[in-house]
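Structure record follows, encoded as C-alpha cells.
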Amino acid sequence: MLRKKWVKAGMTLLLAALLMPAGWYGGNRAYASSTIASDDCQRSVGTGWGSADSGGAWTMYPDGSYTWTNGTTCNMQSIAANLTHQATLVDVSALDTDTVVSFKVSKTPAGDAFRIQIPSRTSDSGDSNGYRPYVDIKPDGTFRLGALKHVSGTNTSLGTAVTPSPTFTTTSKYFVRTIVEGTSPTTISVKLWKDGTSEPTNPQFTATDSDSALQTAGHVALRTYTYPGLTNYPLTALFDDYVVNSDSTYPSVPTGVYVRLHHDDLFDPGQGGAACKTQVAEALSRSYVHGVSLYVDWADLQPSQSTTHSQQVAYIGTLLDRLDDCAATAGKAADQYGVRIPAFIHLEPTALPGWATLTPLPSGSSPKHRVNNAVSNSAGTGLDVISFATIPGGAFSTDVPYSQAPVYQQVVKDLRSVIADGLDTYDPNGYKVPVVQLIAPAMQSNEMGVPGNTTQFPRGGSPDIYWTTLSGANVADAWTEAKHAAAFNDAASDMSNYPAFTKRTWAFNFTSDASVTLSDQTGVVATLRSEHPAGADRVIVKQENLATNYAGATVWRDNYRSGESGNQFQPSYWIQNQEFHAWELWVPYTSGNGTALAAKASSLMNYPTPGTPPSLSQLDENARFLHFPTDGSAPYGESGTLWVEIWSRDLSDAAVTNFPEFAQFASDLDSHIRSHAAVFSP
C-alpha cells in the first residue's frame with residue numbers, strides 16, 4: 001500500500017516526498033514510491049500553466065482562459081457562478097496516487113461555496129471519468145472535505161463529508177493531501193491543514209468505491225468549481241507546492257541474476273526433507289544473486305486425488321517458508337519486511353501427478369490419444385492426453401494433456417486459484433513474491449510451446465489430420481493452434497479476477513516452438529497488458545532460450561545476430577525490443593557434480609571463435625545480446641533486461657571452483673543489469 005508516513009509539517013512533507021526513491025530499481029524490497037509529478041510554479045506564463053517541473057505539460061479545460069502563472073503560483077480565476085477550470089497532466093498515468101498541494105484563495109466566497117478538487121484516475125483532460133477528492137470553502141469560513149466520482153457525466157458523492165478544524169482566511173496558505181489507492185475497493189482519503197501547523201496524523205475523510213470504470217490507471221489534475229449561488233466572483237485559486245507520488249501498490253521487482261529452482265530443491269531428501277539442497281544454499285549465497293525463479297507443478301500442489309484446496313493453499317505457505325529457510329542458510333539477511341530473497345513463482349501444469357497418469361507406453365506404440373477417466377471436476381470427466389512416446393522424436397513415455405480440453409482447463413483454473421489464495425494468505429503484500437507467471441494450460445514447460453511437431457500439432461484452424469486415426473479421439477476436441485492460443489488468452493483474461501495477482505507484476509514466457517506463431521504469443525501479451533490494472537508496464541515478457549546458449553549450438557546464436565527471420569527466431573527479436581523483459585540460460589552449464597556439460601560450455605564460452613580457450617572477454621561478448629554494453633556496440637540498443645535466470649547447479653561451489661570464469665560472468669551479468677536496466681515504474 002502507499003506509505004502512511006504522515007509527516008508533520010507542510011514543507012517537511014514536500015521535501016520528504018521529493019526525496020522518496022524514484023522508480024522500481026535494483027534489489028530494493030520496499031514498496032518503491034516515485035515522484036511522478038511536481039510543480040512549484042516558478043515560471044511566468046500568460047495563458048495556461050505551461051509545463052510542470054515534472055510530469056509534462058499542463059492541458060487546460062475548457063481552455064487556458066483565466067489561467068496563468070506568475071513566477072510564484074499557478075492560478076485559476078473563476079469569473080462566474082457554476083464555472084469549472086481543470087489543469088491535467090496527460091503525460092502522467094497512475095493507478096494509486098499520493099498528492100499534496102498548497103493553495104490560497106483571493107476571497108472568502110459569498111452566497112455559496114467555492115470548491116478545489118484534486119482529481120485522480122481521470123480518463124482525459126476534460127470533464128472526464130475519475131475520482132475527485134475535494135475541499136469546499138464555505139461563506140462562513142469553514143471547510144468541508146469529501147470526494148465524489150464522475151462516471152459518464154454523472155457525479156456521485158462518496159462517503160460522508162466532514163468539517164475539519166481550520167478556518168479560512170485569505171492571507172493563509174493551506175495544504176491538502178489526498179490518497180487514492182487500491183482496486184475493488186478503491187480507498188479515497190483527504191486531510192487538510194494550515195501552513196505552519198502539524199499535518200493531521202490520520203485522514204480526516206475516508207471513503208471507498210468499486211466502480212469498474214475507475215479501477216484502472218488515469219491522469220492527475222487540479223480543478224476548481226464555483227457553486228451556482230456564488231455571488232462575489234471573480235475568485236482566484238493560487239496553487240503551489242504540487243507533488244504526486246505513486247507506488248501503484250506494486251512491490252519492487254528485483255533486477256539482476258536469479259537462481260532457477262524447482263520446489264524439490266528446497267527439500268533435501270538426504271536429510272529427510274529438513275533442509276534445502278546444498279547446491280541451492282551455495283547458489284543463494286552469491287552476493288550477485290538477487291532473486292529466485294521458483295516453479296512448481298500440478299503434482300506438487302495436488303500429490304493425491306484427495307488433496308483438498310486448503311491443503312494445497314497451505315503448501316504455498318510451506319514453500320515460501322522453506323525458501324526463507326534456505327536463504328537464511330545461505331546467509332541472506334532479512335530486510336525490514338522480513339524477506340531474505342524475493343521470488344518469481346510460476347506453475348508448470350504439464351507434469352501430471354501420479355494419480356492422474358496412465359501406464360507409460362513404449363516408444364512408437366498405439367494409441368497416441370488416451371483418456372484418463374479418473375480425472376474429473378466441474379468441467380466433466382476424462383482428461384484428454386497424448387503420449388510423448390508416440391510423437392515423432394518424443395523423448396518421454398509420459399502423457400501430456402491437451403490445452404483446449406475442458407477438464408484440463410478447469411484443472412489449471414483451480415490451480416490458479418490455489419496459488420492466488422496461497423499468496424493472499426501467506427504473502428498478502430507481495431513482499432516475498434512480487435512477480436507471478438501467467439498460469440495457463442501449458443502443454444510444454446511453463447511456456448506456450450506444444451509437444452511434438454507440426455505433423456502432430458498443425459497450424460491453422462483445421463483439426464489434426466491424424467486425429468481420426470487416434471484411438472478414443474473425439475474429432476471435436478482436435479488440437480489446433482487457434483484453440484491453444486484461445487486457452488492462453490482465456491487464462492490471461494482470468495488473471496485480473498484474483499486480487500492476489502492484480503497487486504503483482506505478471507510475466508509471460510515465450511516459446512521458440514515453430515508450431516506457435518509470434519502473433520499468437522503477442523496476442524496473449526496484449527491481453528495481459530489490457531487486463532492488468534496498472535497496464536502494460538506491469539507485464540514482463542520472458543524467454544527460456546537465451547540467445548547465447550541454445551541447445552549447445554553456436555549456429556542459432558550466429559543466425560540470431562545476423563538477422564535470421566525464421567519463426568523460431570522471431571520471439572527473441574520481439575522480446576529484445578520490449579522495454580521490460582527477462583531471459584533464462586536455457587540449459588545448465590555444468591552437471592550436478594560441477595563438471596562441464598561440454599557442448600553447453602563450449603557454446604557459451606567459445607564465442608565468437610569456436611574452439612578457442614575460454615576467456616572472460618568471450619563471455620562478456622555474449623552479454624551484447626542483453627543490451628548491456630555502454631560503448632554503443634549492442635546490436636539492438638541499450639538496457640531493457642530486468643533479470644536472467646541461471647540454474648542453481650551453475651552457481652554451486654563445485655561449479656564456481658571449477659569454472660571461475662563462469663562465476664565472473666554471472667557476477668558481471670548481474671552488475672550490468674543492475675546498472676543499466678530500464679527503470680521499472682508504473
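Only this structure's heavy atoms are used, side chains among them; waters, hydrogens and symmetry mates stay out. Positions are given from 1 along the sequence.
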So, for H346 and F344, is the gap between ring centers shorter than 6.0 Å?
yes
So, Y498 versus F501, ring centres under 6.0 angstrom or not?
yes
List the atom of [X], the atom of [Y], and the distance in Å for their closest heavy-atom pair.
X	Y	result
A666	V257	O-CG2, 3.5 Å
Y426	I316	CD1-C, 4.5 Å
S493	T527	OG-CG2, 3.5 Å
S648	Q279	OG-NE2, 3.1 Å
L352	P401	CD2-CD, 4.0 Å
Y408	P349	OH-O, 3.1 Å

Would a 4.5 Å heavy-atom cut-off, applied to side chains only, mark [X] and [Y] as touching?
X	Y	answer
L528	L438	yes
V436	M495	yes
D265	C276	no
D421	H309	yes
F510	L518	yes
P254	P434	yes
W355	P303	no
V525	V541	yes

With a 3.5 Å distance limit and no angle check, can you tell me whether [X] reaches the backbone of [Y] through a side-chain donor-acceptor pair?
X	Y	value
H262	D297	no
Q311	T308	yes
T329	D325	yes
D520	A485	no
T522	S519	yes
S652	R649	yes
Q521	T511	yes
D490	A487	no
T307	S304	yes
S671	S667	no

Does the side chain to side chain contact (heavy atoms under 4.5 Å, CB included) test come out yes or no for W643 and V435, once each step is laid out?
CA-CA 12 Å; W643 75 79; V435 186; 4.2 Å; yes
Within 45° cone and under 6.0 Å: R260 NZ/CZ vs Y295 ring:
yes
Rounded distance (nearest 0.5 Å) linking atom [atom1] of [X] with atom [atom2] of [Y]:
X	Y	atom1	atom2	result
D300	D264	CG	CG	6.0 Å
K503	L423	NZ	CG	9.5 Å
L266	L294	CG	CG	6.0 Å

Sort out for me which residue in D414, I419, V418 forms a side-chain contact (heavy atoms from CB on, under 4.5 Å) with Q312.
V418
Check the pair L651 / I646 against side chain to side chain contact (heavy atoms under 4.5 Å, CB included), numbers first and verdict last.
CA-CA 8 Å; L651 298 178; I646 299 176; 4.1 Å; yes
Test side chain to side chain contact (heavy atoms under 4.5 Å, CB included) on Y258 and I341 and set out the steps.
CA-CA 10 Å; Y258 285 23; I341 192 163; over 6 Å; no
Strictly below 4.0 Å, N to O, side chains only: are [X] and [Y] in salt-bridge contact?
X	Y	result
E645	K542	yes
D324	R340	yes
D427	R504	yes

Take W298 and L347, measure what side chain to side chain contact (heavy atoms under 4.5 Å, CB included) needs, and give me the verdict at the end.
CA-CA 8 Å; W298 180 7; L347 176 70; 5.5 Å; no
Distance-only donor-acceptor check, side chains T381 and N373, under 3.5 Å:
no
According to the interplanar angle, ranging from 0 to 90°, do the rings of W506 and H532 count as parallel (below 30°), tilted (30 to 60°) or perpendicular (above 60°)?
tilted
Run through D650, D653, D670 and flag the one making a salt bridge (Lys or Arg N to Asp or Glu O under 4.0 Å) with R286.
D653
